[in-house]
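What follows is a short report on a single structure.
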Amino acid sequence: MKMVCSDCRQSYEDSLLYSCPGCNGVLLVHYEKPREKWQDGTQQGIWKYHRLLPKVPSKQRMYLGEGETPLIRSVSLAKRLGIELYFKYEGSNPTGSYKDRIAAMGLSWALANGREACIGTTSGNAGAAVAAYAARAGIPYHLYVLEHMAETKLSQVLVHNALVRKVAGFGVSPQVGDLVFKRIFEAARLRDWEVMVTAFRYNPYAMEGVKTIAFELAEQMESVPTQVYTAAGGAGLFVGVWKGFDELFRFGSIPSKPKMIAVQSSGCSNIATAYEAGHEQPVSAPSTSQISGLQVPNPPDGKVALSVMLSGDGAALSVEDEEIWKVQQMLAEEEGIFCEPAGAASVAGMIKSLEGREGRRLERVVCIISGAGFKDSARLSEMVRGKRVPLLQAEELDL
């Protein structure tokens, strides 16, 4: 295992670096092909793939039931689009999102390296995940959150006794975001805390948990998907799933790689706008999106995501918030899948991308559903507004 800079390509043997010493670029963990099988059937969850994860002693590998999430075949939308379509449902993780994979890896890494606390930011899901695993690890979790964070998500963080502070303008202003991240890194460096911000830019070791989604897909599907759609706020999910498939392809474990498509809200389309213009850096602009988890005006992994796209392995597009909400409702009513709005973004993007295109029957598509619907109680109330449940007398029942 070594660290390789995604910008200057310099490699380092030091496994405690969090950014490139030469150019401050994003570091990615690089592995040689394992001598044994890349799966270890004696282990649970993400640890089934420990041979392709940062080294953590078995006694310090945290597990709350994360990973091994279901791959659900579409029964309605696939027929309408004329494709083979699957949903990778990450809402079944312990705290309801794919971020549990990151928290399990990151807190295990923190324990293995003697950290006594962790610090980070969240729009909701990362905070809930890290708070749960930090509670289990028995270490404090210092957390800075959006000023208008969804109340359900905030409650889920607080129930695990995290030390939370709201920051005015965070999640809207790129300048505020940059300052928050700077302060967090200063505190972590001075106190030797683990930075638990769910981005390769800030913790490449914890983020290795994301690629286990790709590993599971490789085992769950008879053949490699042609496309995989993910929502993109900070772009860590996109980069992580791509990295997993890229490693398996490099090791000869799969015959091809799927094309990765990042889907953003039009109100915060910094990566999609840059991709369409052929830029190597995300476009800086304030966020006007109302979708929790996609309100990231300064996406920390945006540059890495764009490098993947410009190499030919991926693409990006944006959809309106209203379309995401519409698809969230459709998934609940037609597919039986209740997900948070950000989880529906991948499907909304897929529909926009494929509708009206010829040759769709050859497509084998996976949409990553990133989180469960219970994450946003306000949105749930909106979804059922107008639905009425009548009260009947027993003798009035017409069966």
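Only a predicted model underlies this, so the values are computations on that prediction, with no experimental measurement involved.
If you chain together hydrophobic residues whose side chains sit under 4.5 Å apart, I368 and V224 fall into the same group. Linking ILVMFWY residues whenever their side-chain heavy atoms come closer than 4.5 Å, directly or via other members, leaves V263 and L237 in distinct clusters. A single hydrophobic cluster is not seen to contain both M383 and M330; linkage of ILVMFWY side chains at heavy-atom distances under 4.5 Å, directly or through other members, places them apart. In terms of hydrophobic clustering, with Ile, Leu, Val, Met, Phe, Trp and Tyr side chains grouped at heavy-atom distances under 4.5 Å, V347 and M221 are assigned to different clusters. Y89 and L380 sit in two unconnected hydrophobic clusters of ILVMFWY residues. Membership requires side-chain heavy atoms under 4.5 Å apart, directly or through other members.
Between R189 and E186 there is no salt bridge, since no side-chain N of the basic residue sits under 4.0 Å from a carboxylate O of the acidic one. Salt-bridge formation is not detected for the pair D246/K211: no Lys NZ or Arg NE/NH1/NH2 atom is positioned less than 4.0 Å from an Asp or Glu carboxylate oxygen. Ion pairing between a basic and an acidic side chain is recognised when a charged N comes within 4.0 Å of a carboxylate O; K88 and E216 show such pairing. Using a 4.0 Å cut-off between a side-chain N of Lys or Arg and a carboxylate O of Asp or Glu, E322 and K326 do not qualify as a salt bridge. Under the 4.0 Å criterion applied to side-chain N and carboxylate O atoms, E323 and K352 are not assigned as salt-bridge partners. Between R101 and E90, at least one side-chain nitrogen of the basic residue sits less than 4.0 Å from a carboxylate oxygen of the acidic one, meeting the salt-bridge criterion. A salt bridge does not link K153 with D376: every distance from a Lys NZ or Arg NE/NH1/NH2 to an Asp or Glu carboxylate oxygen is 4.0 Å or more.
Contact of the E333 side chain with the E335 side chain is not registered, since no non-hydrogen atoms from C-beta on lie closer than 4.5 Å. Between S6 and V26, some side-chain heavy-atom pair lies under the 4.5 Å cut-off. In this structure, the side chains of L64 and T95 stay at 4.5 Å or more apart for every pair of heavy atoms. Under the 4.5 Å side-chain criterion, counting only non-hydrogen atoms from C-beta, V4 is in contact with R9. Counting heavy atoms from C-beta on, the side chains of E247 and Y49 never come closer than 4.5 Å. Counting only heavy atoms from C-beta outward, the side chains of I213 and T230 never approach each other to under 4.5 Å. Put simply, the side chain of T69 does not reach to within 4.5 Å of the side chain of Y98, judged on heavy atoms. The closest side-chain heavy-atom distance from T121 to Y202 is not below 4.5 Å.
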Next on the checklist: Using the rule given for side chain to side chain contact (heavy atoms under 4.5 Å, CB included), can you reason through Q329 versus R379, listing the C-alpha separation, both sets of side-chain angles and the distance that settles it, and then say yes or no?
Outcome noted: CA-CA 10 Å; Q329 188 96 34; R379 177 59 192 154; 4.1 Å; yes
Next on the checklist: Using the rule given for side chain to side chain contact (heavy atoms under 4.5 Å, CB included), can you reason through R201 versus S19, listing the C-alpha separation, both sets of side-chain angles and the distance that settles it, and then say yes or no?
Outcome noted: CA-CA 7 Å; R201 154 60 66 188; S19 61; 4.3 Å; yes
Next on the checklist: As a quick check of understanding, evaluate side chain to side chain contact (heavy atoms under 4.5 Å, CB included) for N298 and F181, giving each step before the final call.
Outcome noted: CA-CA 11 Å; N298 47 347; F181 289 131; 4.1 Å; yes
Next on the checklist: side chain to side chain contact (heavy atoms under 4.5 Å, CB included), that's the test. Do L53 and T212 meet it? Break it down for me.
Outcome noted: CA-CA 9 Å; L53 291 172; T212 60; 4.3 Å; yes
Checklist entry - For S265 and S289, what are the C-alpha separation, side-chain angles and deciding distance, and is it a side-chain hydrogen bond (donor to acceptor under 3.5 Å, both in side chains)? => result CA-CA 6 Å; S265 163; S289 173; 3.0 Å; yes
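Side-chain atoms of K243 come within 3.5 Å of backbone N or O of V29 as a donor-acceptor pair. Of the possible polar contacts, none joining the N125 side chain to the S97 backbone as a donor-acceptor pair under 3.5 Å is found. Between the side chain of S173 and the backbone N or O of V176 there is at least one donor-acceptor pair closer than 3.5 Å. Between the S381 side chain and the S377 main chain, a donor and an acceptor come within less than 3.5 Å of each other. Judged by distance alone, the side chain of K48 and the main-chain N or O of Q39 form no donor-acceptor pair under 3.5 Å. A side-chain donor-acceptor contact under 3.5 Å links N93 to the backbone of G67. Judged purely by atom type and a 3.5 angstrom limit, T273 uses its side chain to pair as donor or acceptor with the backbone of S269. The closest donor-acceptor contact from the side chain of W47 to the backbone of M62 lies under 3.5 Å.
Taking each heavy atom of K375 and T152 in turn, the nearest pair found is O-CB, 3.3 Å. The nearest pair of heavy atoms linking P299 to N270 is CD-ND2, 3.5 Å. The two atoms that bring S92 and P70 nearest to each other are OG-CD, 3.2 Å, heavy atoms only. Here the shortest heavy-atom pairing between P390 and R388 reads CD-O, 3.6 Å. The shortest non-hydrogen separation linking A218 to L248 is CB-CD1, 3.6 Å. Closest non-hydrogen pair, A131 versus V157, comes out as CB-O, 3.9 Å.
Taking CE of M196 as the start and CG of N203 as the end, the distance is 6.0 Å to the nearest 0.5 Å. To the nearest 0.5 Å, atoms CE (M105) and NE2 (H50) are separated by 12.0 Å. Distance CG/L317 to CD1/I271: 11.5 Å, rounded to 0.5 Å. Distance check, rounded to the nearest 0.5 Å: CG of N24 to SG of C5 gives 8.5 Å. Expressed to the nearest 0.5 Å, how far CD of E13 lies from NZ of K2 amounts to 6.5 Å. Distance OG/S11 to CG/L28: 12.5 Å, rounded to 0.5 Å.
Judged as a ring-ring contact (aromatic ring centres under 6.0 Å, His included), the pairs with a partner in residues 105-126 (not counting sequence neighbours) are, in order, W109-Y205.
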Pair up each side-chain donor or acceptor in residues 132-148 with any protein partner under 3.5 Å, not counting sequence neighbours, and list the distances.
unit_1 : atom_1 : unit_2 : atom_2 : d
Y133   : OH     : E66    : OE1    : 2.6
E147   : OE1    : G169   : N      : 3.3

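The local environment of CG in N161 is sparse, with at most 12 non-hydrogen atoms from other residues, nucleotides or ligands closer than 6.0 Å. Heavy atoms of other residues, nucleotides or ligands lying less than 6.0 angstrom from CD of E280 number 12 at most. Shown here is R183, whose CZ atom has no more than 12 heavy atoms of other residues, nucleotides or ligands within 6.0 Å. In the displayed structure, E395 atom CD is contacted under 6.0 Å by more than 12 heavy atoms of other residues, nucleotides or ligands. Within a 6.0 Å radius of CD in Q220, other residues, nucleotides and ligands contribute more than 12 heavy atoms.
In summary, of the residues considered (Q227, M350, R364), a side-chain contact (heavy atoms from CB on, under 4.5 Å) with I83 occurs for M350 alone.
Ring centers of F338 and F374: at least 6.0 Å apart, outside the cut-off. For F215 and W38, the ring centers sit closer than 6.0 Å to each other.
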